[in-house]
Enquirer: 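Questions regarding the structure given below will be posed in turn.
These numbers come from the heavy atoms of this one structure, side chains and all, not from hydrogens, waters or symmetry mates. In what follows, chains are A, B, ... by sequence order, proteins preceding strands, each numbered from 1. Since we're looking at a predicted model, the values are computed, not measured.
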4 protein chains.
Amino acid sequence: MAASREELIKGYRVSEILDATRRVIGRRGFEGATIDRVADEAKVAKGTIYLYFATKEALLHAAVTEGFRANIAELSANGAATENPVERIKSIVRQQFRQLDSNKDFLKAVILDSSFVNFNAGDPLSVELRELFITYLDFLASVLKEAIERGAIRPIDPQLGAFMLNEMIIGTLRRRLLQLTDSPLEADEEAVLELFLKGLQTAPCN
Amino acid sequence: MAASREELIKGYRVSEILDATRRVIGRRGFEGATIDRVADEAKVAKGTIYLYFATKEALLHAAVTEGFRANIAELSANGAATENPVERIKSIVRQQFRQLDSNKDFLKAVILDSSFVNFNAGDPLSVELRELFITYLDFLASVLKEAIERGAIRPIDPQLGAFMLNEMIIGTLRRRLLQLTDSPLEADEEAVLELFLKGLQTAPCN
Amino acid sequence: MAASREELIKGYRVSEILDATRRVIGRRGFEGATIDRVADEAKVAKGTIYLYFATKEALLHAAVTEGFRANIAELSANGAATENPVERIKSIVRQQFRQLDSNKDFLKAVILDSSFVNFNAGDPLSVELRELFITYLDFLASVLKEAIERGAIRPIDPQLGAFMLNEMIIGTLRRRLLQLTDSPLEADEEAVLELFLKGLQTAPCN
Amino acid sequence: MAASREELIKGYRVSEILDATRRVIGRRGFEGATIDRVADEAKVAKGTIYLYFATKEALLHAAVTEGFRANIAELSANGAATENPVERIKSIVRQQFRQLDSNKDFLKAVILDSSFVNFNAGDPLSVELRELFITYLDFLASVLKEAIERGAIRPIDPQLGAFMLNEMIIGTLRRRLLQLTDSPLEADEEAVLELFLKGLQTAPCN
DNA sequence: GATGAATGAGCGTTCATTCAT
DNA sequence: AATGAATGAACGCTCATTCAT
């Protein structure tokens, strides 16, 4: 089980390169993420990258997937199931805002270039990314489902709800990136939760 | 003010080229939208495009902007103010779904590659696009505002509400493009409206 | 039927590039024939080559094929059928020596790198080259066949004879290129003819 | 003179590597013979190859030279001088066909890419290969010379004859590799001998 | 001696942009 | 105004060679 010395070094190199990749993506976008720039940023020769990644596409996917996976892991770790279901949803949304906000540059690129999360049935890399996304949505959906079962929220399709909740979170960040608001992040968080949970319409007492 | 003959011809050329550009974007994505292909599609020489657009970027921006502008115009034309405010919102959302769905290919590219709608304060092209987007959001916000004033919906920040409504519409289409759902478009429309208007939480009679 | 001005220019460019290609092949071999060097030699930008040839392979094949085709055409034009069949063979061999000798550098590369004339059933370029070679062998074979029919030479498989005759011609030049002989070209010519026509064995009067 | 233990080991390593090199050449051609692949095939690290060979070129030359040398040695060992001279020639030709045919893959590459046997006066590697080739031709020439002296064949330049005989053998194999014939190897052997010994021309009893 | 990770020059190819016609 | 041939910087990728371990 113990990783050998070489494996450690290799892991370190891979991380270094993936970190550099994310930094470059954050700084220049996907379009501007060239192998040359990643190599420069990682202080490594161009050829070295090809020792660890077969193609540029594989490199970018690995960088995105890793960032994505870490985000999901962190999120899943959160929230004891004993909580009030609505509080749990709130807690997850707030945590998600924190996490996304702290990786600004890289996530800005990912959020703004969702073509990368595009789905191309033939391409194994895109299939992997899509599956990861589904894992994340499933997690959100399971939280919603429990809340529905416990009567805390209205019975809607949990998958649809999960997708929309994610869109609202991402959308809020997009809105900030586009400088369409100057309200503090916390205010946006609460507004999203309010909107998602209560909707807009004034409730006729039903 | 009267457009001269030359200006008419020029306008015709420009819109031919922009149409071709959108067709190419729809067919091959932003990545695959090369000047060569646009020229081919517009049945015009490559050099001709540079008579009307300074750079490739300017061309793409113009194509997107124009498509966007047409969409807004069509939407704004809709809906007499006399309607029930909630019905008006519903009507606008439904129309938006129709419009987006009927321009599938081009909009698929725009939706999936929103990096293009990025905001780069230094870049006049991106500033223009942002302003257009704001115009659209202002229109949606004005509709929401009226509904608020008439007590039809809860008093929230209309700009935020407008942004989120748009995100939910776009998100729904994105979800379809990612093949995460196979429900009919109409069902998705109604789910979005339901969610947007009523929220998720079971309403304690307030 | 008249070639337009553009076609003439295009043809000129193509010739220029093919000539340059052959010069580079002659100077640096197939291995050393890079697009950069051909572009330099043709005094043309790298990209220009790709206006006329889809790939490097296509360029090299065109250069070889053209040189080859010209050689065959020149050869076929030769020799009135009325001649004495053996004299005709001699005349063809002598002409072939002249032609090959005058294109030394390029042909040196082709002769020395017959891998290029290799046959790869899947590759249309290699198929074309092979067919051209067969055309050439067929021509030689037809000459041999006529000589056989007229009783001037022994009845052997004309295709085999043609191939071997060619090998002997090429071999002679190869021998000179390897500097394994310093006899004058004419002497080699006659020796080849002598060997090809009479063989080595002292003839028991049969 | 006695080889030390180290020298033995070293010799073993070297021939392992050269064998691997020939296998790789046979499988992927000269073009495809990379140091990586040779190292893999020899189950040796890439760097190890550079302990024994200064450059890739030196490695390939050594591999070819060694294969060539073995062929010559085997051939020279053959044939008691007491035989009938013409029979000896026949026997040598037949043996050569056998040997070449049994090393098909490697020799296919060498035959088809004779640029490698090129002669570049400045390059010591090519000089060595050329000298080896001359040794081989000298051997063939000595056989021819003896036959001439014993009146078995016509008095021609033995060096020329040797070169041409070799060309005819190689050519026959080339013809098979190009798939220009489907006759059995034995038939080709006899045709070559027939042609080489008797020539084409119907013999006027001289 | 043996290793293989690291290097970087060099390759074939693309494509936005220019400019002589 | 319109053309499209020409350009060349930039790209992703390969591979012979080096060198710290």
Enquirer: Using heavy atoms and a sub-4.0 Å distance, could you list which residues of residues 41-56 of chain B are near DNA chain E? By number, please.
Expert: B:Lys46, B:Tyr50, B:Thr55, B:Lys56
Enquirer: Any salt bridge between C:Arg22 and C:Glu66, counting N to O under 4.0 Å?
Expert: yes
Enquirer: Please report the closest heavy-atom contact between B:Gly32 and B:Arg37, naming both atoms and the distance.
Expert: O-NE, 3.0 Å
Enquirer: How long is the span from the CZ atom in B:Arg13 to the CG atom in B:Leu18, to the nearest 0.5 Å?
Expert: 13.0 Å
Enquirer: In residues 14-25 of chain D, which residues come under 4.0 Å of DNA chain E by heavy atom?
Expert: none
Enquirer: Nearest whole angstrom, please: distance from the C1' of F:dT17 to the CG of D:Leu59.
Expert: 13 Å
Enquirer: In terms of heavy-atom contacts, does CZ of A:Arg23 have more than 12 from other residues, nucleotides or ligands at under 6.0 Å?
Expert: yes
Enquirer: What integer distance in Å separates D:Arg28:CZ from F:dT14:P?
Expert: 13 Å
Enquirer: So, for C:Ala63 and C:Thr21, which heavy atoms are closest and what is the spacing to 0.1 Å?
Expert: CB-CG2, 3.7 Å
Enquirer: To the nearest angstrom, how far is A:Ile35 atom CD1 from F:dT14 atom P?
Expert: 11 Å
Enquirer: Can you spot which of D:Val38, D:Leu60, D:Leu59, D:Thr48 makes a side-chain contact (heavy atoms from CB on, under 4.5 Å) with D:Phe53?
Expert: D:Leu59
Enquirer: Verify the contact: side-chain N or O of D:Arg13 to OP1 or OP2 of E:dG1, cut-off strictly under 4.0 Å; return yes or no.
Expert: no
Enquirer: To the nearest Å, give me how far apart CG (C:Asp40) and P (F:dG8) are.
Expert: 11 Å
Enquirer: Looking at E:dA16, which nucleotide sits across from it as a Watson-Crick or G-U wobble partner, both distances under 3.5 angstrom, or is there none?
Expert: F:dT7
Enquirer: Any chance you could lay out the side chain to side chain contact (heavy atoms under 4.5 Å, CB included) test for C:Tyr50 and C:Ile35, step after step, and finish with the verdict?
Expert: CA-CA 9 Å; C:Tyr50 284 89; C:Ile35 293 285; 3.7 Å; yes
Enquirer: Rounded to whole Å, how long is the line connecting atom CG of D:Asp36 with atom C1' of F:dC13?
Expert: 14 Å
Enquirer: Need to verify one output field. Residue with the more 5' nearest nucleotide on DNA chain F, D:Thr34 or A:Ala33?
Expert: A:Ala33
Enquirer: Does the structure show a Watson-Crick or G-U wobble partner for F:dT21, both distances under 3.5 Å? Name it, or say none.
Expert: E:dA2
Enquirer: Mind calculating the distance between CD (B:Glu31) and P (F:dC11) to the nearest angstrom?
Expert: 13 Å
Enquirer: Identify the two heavy atoms, one from A:Phe106 and one from A:Val64, that lie closest to each other, and give their separation to 0.1 Å.
Expert: CZ-CA, 3.8 Å
Enquirer: To the nearest Å, how far apart are D:Leu60 CG and F:dC15 P?
Expert: 14 Å
Enquirer: Applying salt bridge (charged side-chain N to carboxylate O under 4.0 Å, His left out), run through C:Glu41 and C:Arg27 and close with a yes or a no.
Expert: CA-CA 11 Å; C:Glu41 179 72 26; C:Arg27 205 177 304 126; 3.1 Å; yes
